Amino acid sequence: MTQLVLLLAAFATSCVAQYSLSVTGTSPYSLAVQLENQTLVANNAVLTGAANSSTAAISASISGQFTNSSGEISAAMLSSTIAKIDVNTANSFVGAQFSTSVDEDIFGVWEYPWSLALSNNNVSFDLKGVANNEGMNWVNARAPFFMSSKGYGVYTDTLAMGSYDFTDPSQARFIFNSSSLTYYIIMPILEEASPFKSIIEQYTNLSARITMPPDSGYGPTFWSDDAEQDFHGSVSNAEENFYDILNHLYYNQIHATSMFADRPYGTGNHSFGNFDFDPEFYPDPDAFIANLSSWGFDFQVWVANRAFLYTELFNTSDANEWLFTNQDPTIFLGPALNLSIPEAYDYFKDRLSYFTDLGVKGYKIDRGEEDEMPVYEQNVQMALFEQLCAENMEAKWGPNGYYNFARSVVDRSRARAAVWNGDSWANFTGLAYTVASGIRSGLMGFSQWGSDTGGYVREEGNPTEELWARWMHFSTFSPMYELMLGTNHTPWYDYSPRLVSILKQTANLHHDLVPFIKSHTYTATQTGIPLMRALFLEAPLDDAGFSIADEYFFGSEFLVAPFVSSGTQRSVYFPKGGKYLEYFNKTEVYEGGTSADIRLDLEDIPVYVREGAIVPRGDVVQGNNKWTDDWAPSLTIEIFPSYDMPKQEFRYYWGTPGEGHEATITTTMDPDYMTVLVSYGEVGANGTIVVYTKSGPIEAEIVPEGAESIFFNVESLFACEEN
Ligand SMILES: *[C@@H]1O[C@H](CO)[C@@H](O)[C@H](O)[C@H]1NC(C)=O
Ligand SMILES: *[C@@H]1O[C@H](CO)[C@@H](O)[C@H](O)[C@H]1NC(C)=O
Ligand SMILES: *[C@@H]1O[C@H](CO)[C@@H](O)[C@H](O)[C@H]1NC(C)=O
Ligand SMILES: *[C@@H]1O[C@H](CO)[C@@H](O)[C@H](O)[C@H]1NC(C)=O
Ligand SMILES: *[C@@H]1O[C@H](CO)[C@@H](O)[C@H](O)[C@H]1NC(C)=O
Ligand SMILES: *[C@@H]1O[C@H](CO)[C@@H](O)[C@H](O)[C@H]1NC(C)=O
Ligand SMILES: *[C@@H]1O[C@H](CO)[C@@H](O)[C@H](O)[C@H]1NC(C)=O
Ligand SMILES: *[C@@H]1O[C@H](CO)[C@@H](O)[C@H](O)[C@H]1NC(C)=O
Ligand SMILES: *[C@@H]1O[C@H](CO)[C@@H](O)[C@H](O)[C@H]1NC(C)=O
Ligand SMILES: *[C@@H]1O[C@H](CO)[C@@H](O)[C@H](O)[C@H]1NC(C)=O
Ligand SMILES: *[C@@H]1O[C@H](CO)[C@@H](O)[C@H](O)[C@H]1NC(C)=O
Ligand SMILES: *[C@@H]1O[C@H](CO)[C@@H](O)[C@H](O)[C@H]1NC(C)=O
């Protein structure tokens, strides 16, 4: 931590401070990034070996030539804040090692929260999908990138298989199955407020950033694990089962934007691989998808790079020898196609057009880490599969017109697939791990993220009403709200009216937050900075944030502390720097650096808004809302003024993704006259500005083309009480 303070101090006191990269030793060859003679990063060895279990530190001359001439290292500053190191050897494995201190935390690499932690201290694992584990199965988003609490990041630009080892508190090391490697040491741009955000920004600039999803990408999204069963009333097939959901959402006035069909939905062995819908359950898929669309729903289907025995996908690939041979095709899971073979890639992509031609607007991309291919192929093959799925969709709907999401997403696929966090357990252990995995995804730049609300692995009696309600609140404050119902777990058939009411309350609040979510998602496309943020992204000088895995900032405006265990009480920590107002009742104010015990029933979630916040909300996406006559978008701009925050800004993004507009909403406080001036550009909708003050809310109408409004007698809710 002191290093971070020193770093900030160095920049504050000297405008000429510059990072430098030096060779600090030749046997072993080692490098350091320094600032004003102080070593900030010690890359104490570059490693290589013929096997991954027998790597050794390379000795090389100052210029980077290996003494025995079997390779070379070149190291230089790529920009004023990024050092680039290229290593070329005649060996099969290359890696690097960094000195760490006992009080240093290392974040990143995996979405899965080992030991329910944000950091990776004591973890050693490959850069591959994570199998069945505590809390959840197949939580697989991953990136060859780590970030240290000392204020630097290391990004290795490769799809090769790697191993990261953080078990030695004095070393962080990685090794890749590759004879050459490029890695970057990323230092913060200290003119920017948060060193950690600045590292994520530079890292995602080197790798990839998310693509703006269609409005349906935020959900609420409803789906069943098997729509071909659990029929109610007159329902006799899967199409009618989806209509039954659609009708219940309509009559309960629950907002939604999309639905998807998980497997099974096709014919053939295990119902995937013939590129069709099963006519027994989907008698007229063309009309079905068109009908869903006319009711305001986008529709997605399940896909995987997995050839089940004797399907068309299998037969064609088998005849052409495109299948990996490590997996016995007669067992359930089946082998994957080797998509590095261009003919295999083109065939798969071409056959998926069956779905896009019918109007399918996205894929739930499953698997990729269940031994259907050799482990060392996982990153390469998932990147290719996510690319072909994206190319297939993009050809039909354009770059922002479809929603693909996957559980096994690799760094370079960030632009091509959003993340769902795999198969979480339907109990509080699953929810706690899920919340931590969402925060961890953000730390690797995977902003567009969601989880199966209520959990996926459902044992008898699970999810309980309590768990499901708590999870619904969490998904409200997630980038994507998706919920699995059906298979005897449907709120309106199998649970109480109270749960249906919480579903409605939370789904509709999520819908109402879309203007806010969409704006921050746009920011993520431009900067890589995620919507769900670890506390230290917003409060970098508060050490407490390094170890808190059950609270996060949602954008920079909200602090969210979901319930992750049973009961009605939890402790909430308020990070240092500013004050926080309880968001729903707007009465309690909490000081940064303090904790509070909060008691809330199933209808509530602990959410706080920061002083000075500007929060655009409202009904701007019609989705399935056919119950409102003459629907038109309406916007609410909430202002939480504080005289300690004299000038605040929010960049509001609206309109069709890809062709949208950004309007800057600004507040300017004048303590002498007790006024707040709110000014904004074109926002494209009518609505209301609401300024929350001690004497109650003050309102003004929004002018869609943009305007300025001044509010008088503004007593800040954040002002200290004079006693
Ligand atoms: C850094 O080291 C150089 C010589 O090694 C010295 O001249 C300079 O004063 C040092 N700078 C600081 C800030 O200590
Ligand atoms: C050359 O150096 C590398 C790295 O130190 C080592 O792995 C390799 O075995 C050496 N080769 C020979 C021929 O000595
Ligand atoms: C690290 O992991 C090892 C083996 O799993 C365990 O024995 C050890 O206690 C752990 N250390 C810490 C500091 O968690
Ligand atoms: C290292 O070898 C082990 C055992 O063969 C393997 O499981 C692992 O994936 C390898 N790691 C890399 C980076 O190739
Ligand atoms: C490393 O990758 C090669 C293919 O490039 C593969 O043949 C080899 O088995 C891999 N090694 C390990 C340990 O996975
Ligand atoms: C992103 O990278 C490009 C070079 O690839 C560089 O010109 C640009 O300044 C970088 N932007 C940021 C925000 O780091
Ligand atoms: C279209 O969807 C509505 C939705 O509830 C359903 O009632 C209707 O039967 C569907 N029409 C056709 C032709 O399937
Ligand atoms: C695949 O081949 C098997 C065995 O020849 C055959 O029984 C099956 O019908 C084929 N599948 C398709 C979809 O043509
Ligand atoms: C379906 O696949 C299973 C392996 O998962 C295999 O045992 C079975 O024979 C296949 N059935 C048909 C009809 O192809
Ligand atoms: C949570 O669910 C998992 C998977 O069904 C189960 O193994 C675990 O024991 C459950 N944990 C608790 C605390 O109920
Ligand atoms: C808001 O106040 C009501 C009435 O006192 C209470 O029931 C509810 O739990 C409060 N909600 C929050 C989020 O504090
Ligand atoms: C705003 O409301 C006015 C008056 O009802 C209407 O004419 C106008 O079209 C609305 N503008 C937008 C952008 O919805």
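Indexing begins at 1, ligand by ligand and atom by atom, following the structure's order. These numbers come from a predicted model, not from an experiment.
Ionic pairing of D597 and R570 is not present here: no N-O contact between side-chain nitrogen and carboxylate oxygen is shorter than 4.0 angstrom. A salt bridge is absent between K197 and E192: the closest approach of a Lys/Arg side-chain nitrogen to an acidic carboxylate oxygen does not fall below 4.0 angstrom. Using a 4.0 Å cut-off between charged nitrogen and carboxylate oxygen, E201 and R209 do not count as a salt-bridge pair. In summary, D604 and R599 do not engage in a salt bridge, as defined by a charged side-chain N under 4.0 Å from a carboxylate O. Between E662 and R651 a salt bridge is recorded (basic side-chain N to carboxylate O distance below 4.0 Å).
A side-chain N or O of S207 and one of R414 form a donor-acceptor pair less than 3.5 Å apart. H232 and D244 share no side-chain donor-acceptor pair at under 3.5 Å. Side-chain contact, Q526 with Y653: no donor N or O sits under 3.5 Å from an acceptor N or O.
At a heavy-atom cutoff of 4.0 Å, ligand 11 is contacted by the side chain of E582 but not by its backbone. Under 4.0 Å from ligand 7, not a single heavy atom of F288 appears. In D601, neither the side chain nor the backbone holds a heavy atom less than 4.0 Å from any atom of ligand 11.
For ligand 7, the atoms closer than 4.0 angstrom to any heavy atom of N247 are 4 (C), 5 (O). Within ligand 11, the atoms closer than 4.0 Å to a non-hydrogen atom of L600 are 9 (O), 12 (C), 13 (C), 14 (O), numbered from 1 in the order shown.
Within 4.0 Å of ligand 6, protein heavy atoms come from N205.
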